[in-house]
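Just so it is clear: chains get the letters A, B, ... in the order the sequence lines come, proteins before strands, and each one is counted from 1.
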2 protein chains.
Amino acid sequence: MPTEEPPGLTRDAVVRAAMRVLEREGVDGLSMRKVAAELDVKAASLYWHVRDKRELLDLLTDGLMADAQAPPRRGDWRAQFRDYFTAYRRHLLGRRDAAKVMAGRFGLGPHMLRFTEDQLSRLREAGFSDADATMATYLLGTYVQGFVLQEQTPLTAAETAGVGRREVATAIAEHLRALPAETFPHLVRLAGDLTGPTMDERFAFGLERILDGLATRLP
Amino acid sequence: MPTEEPPGLTRDAVVRAAMRVLEREGVDGLSMRKVAAELDVKAASLYWHVRDKRELLDLLTDGLMADAQAPPRRGDWRAQFRDYFTAYRRHLLGRRDAAKVMAGRFGLGPHMLRFTEDQLSRLREAGFSDADATMATYLLGTYVQGFVLQEQTPLTAAETAGVGRREVATAIAEHLRALPAETFPHLVRLAGDLTGPTMDERFAFGLERILDGLATRLP
DNA sequence: ACCTGAACACCGTTCAAGT
DNA sequence: ACCTGAACACCGTTCAAGT
């Protein structure tokens, strides 16, 4: 059921249609032809509003950030950034293949800029130098995007086929335990520790380490 | 000039052909048909040796790690891990689109396992707990992969068209400085700091922060 | 100014058929 | 056991032509 736009196509309508196709079919199913169909239009028409698919994905990247919310400014900087990036991860997890779409795209769209501005303001307020504040936003952004990219990609073909993450993890643990103990003593012994932690726990561990590391840069 | 294999195709020969195509054409140019052509064979033949393209990419991921070298065990744990992941980044940067191929793939191939085993051994030796050692390998691996993914992806269409990274960065700085200062005071003021640092500097900053963070977990 | 028809040069994958 | 021919159902993009 295509959503009709009053006059004809607009750049914005194309992006919103792309977001609907993404949610329905995933990145791999996101084609110019399907976006066009979503708007009751032929694929060639899109090229009047958008240079090519890459540009559409750039716009989509920013569109995915449109309704992201920065958490309230309460508590010390550390609590704030814990909340901030935990919410960012949740936001990305909430839209299908978001990390894969955004992967390696530098955020220069208005919504992403709004976020970066807000982060910089909080980091400066916390006492970080100009140079460190800019480095910190890059580091934290890279971490969350990289992490969610791993998280949103199925571990194995089995997971794609619908097997639950927990089951896949136990299968991997079995696999590790079955390795030759002479060459892989740690993998065999730590199979449980390697596959046990949830993604929430892994994310929290990494985030806390980065915050610890940033803390050392404060006077 | 296809490299001939004595009997016929082998799984391994397919993977090595894929690596050559990857180096020559990049991920976007890596098709089953081209890999087949590289071996003087038709695309359908590949499916006898490999389930589908996804499996080929899984094998390719591990193949990309085949000649990665772990640096010597000299100095304290911190110096070792600095070397380790600096070398890992360089390794990935050395093969075209490596991070994009590996993105979100869990490393379960033999070469990747060899690396993880070595890391775990060093982390345990340094005094980290079993649980922290496994978390640390995941964190560091995620960081480097995520970082290089950003690094290997062109910032803008201009960069794809051949404009140098430095020039693109200055263009972005201009763009940021031209933003409305009322809504984006920090982006305007810190435009230079945001776009100035090299990728080497950014990587080192993040790595040091993570190592700082890990250090807090030692007794 | 904006959209379409038709084409070009590709894809991944399947499967009956060959050797 | 291994490879091919031929087809199916797709792609992104271009461009002359229509309105």
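- Out of D:dT4, D:dT13, D:dT14, the shortest distance to the side chain of A:A43 is found at D:dT13.
- Side-chain proximity of B:K53 to the nucleotides D:dC3, D:dC11, C:dT13 is greatest for C:dT13.
- The interatomic distance linking A:Y47 (OH) with C:dG5 (C1') rounds to 15 Å, in whole Å.
- Without hydrogens or angle criteria, B:K100 side chain to B:T153 main chain gives no donor-acceptor distance under 3.5 Å.
- Between A:Y88 and A:Y143, the ring center distance fails the sub-6.0 Å criterion.
- Here the shortest heavy-atom pairing between A:F203 and A:T86 reads CE2-CA, 4.0 Å.
- Closest heavy-atom contact between B:M112 and B:D62: N-OD1, 3.1 Å.
- Distance NZ (B:K42) to P (C:dT13): 18 Å, rounded to an integer number of Å.
- When the nucleotides D:dC3, C:dC11, D:dT13 are ranked by their closest atom to the side chain of B:S45, D:dC3 comes out on top.
- D:dA9 and C:dC10 are spaced 13 Å apart, taking the C1' atom of each and rounding to whole Å.
- Here the C1' atom of nucleotide C:dC2 and the NE2 atom of A:H49 are 7 Å apart, to the nearest Å.
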Taking Watson-Crick (N1-N3 plus N6-O4 or O6-N4) and G-U wobble (N1-O2, O6-N3), each under 3.5 Å, can you produce the dot-bracket string of DNA chain C? Use [ ] for crossing pairs and | for inter-strand ones. ||.|||||...|||||.||

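- The nearest whole Å value for the distance from the CG atom in A:L46 to the P atom in C:dG5 is 14 Å.
- Annotation for B:R124 and B:D130: closest pair NE-OD1, 2.7 Å, computed over non-hydrogen atoms.
- Within 4.0 Å of A:S31, counting heavy atoms only, lie sugar-phosphate atoms of the nucleic acid but no base atom.
- Using a cut-off of 4.0 Å between Lys/Arg side-chain N and Asp/Glu carboxylate O, B:R11 and B:E55 are scored as salt-bridged.
- Taking a cutoff of 4.0 Å between a charged side-chain nitrogen and a carboxylate oxygen, A:R95 and A:D67 qualify as a salt bridge.
- Rounding to whole angstrom units, CH2 of residue B:W48 and P of C:dA16 are separated by 14 Å.
- In this structure, A:K34 places its NZ atom 18 Å from C1' of D:dT13, rounding to the nearest Å.
- Atom pair B:D52:CG and C:dC11:C1' shows a separation of 15 Å (rounding to whole Å applied).
- Rounded to whole angstrom, the span from the CE atom of B:M32 across to the P atom of D:dA7 amounts to 21 Å.
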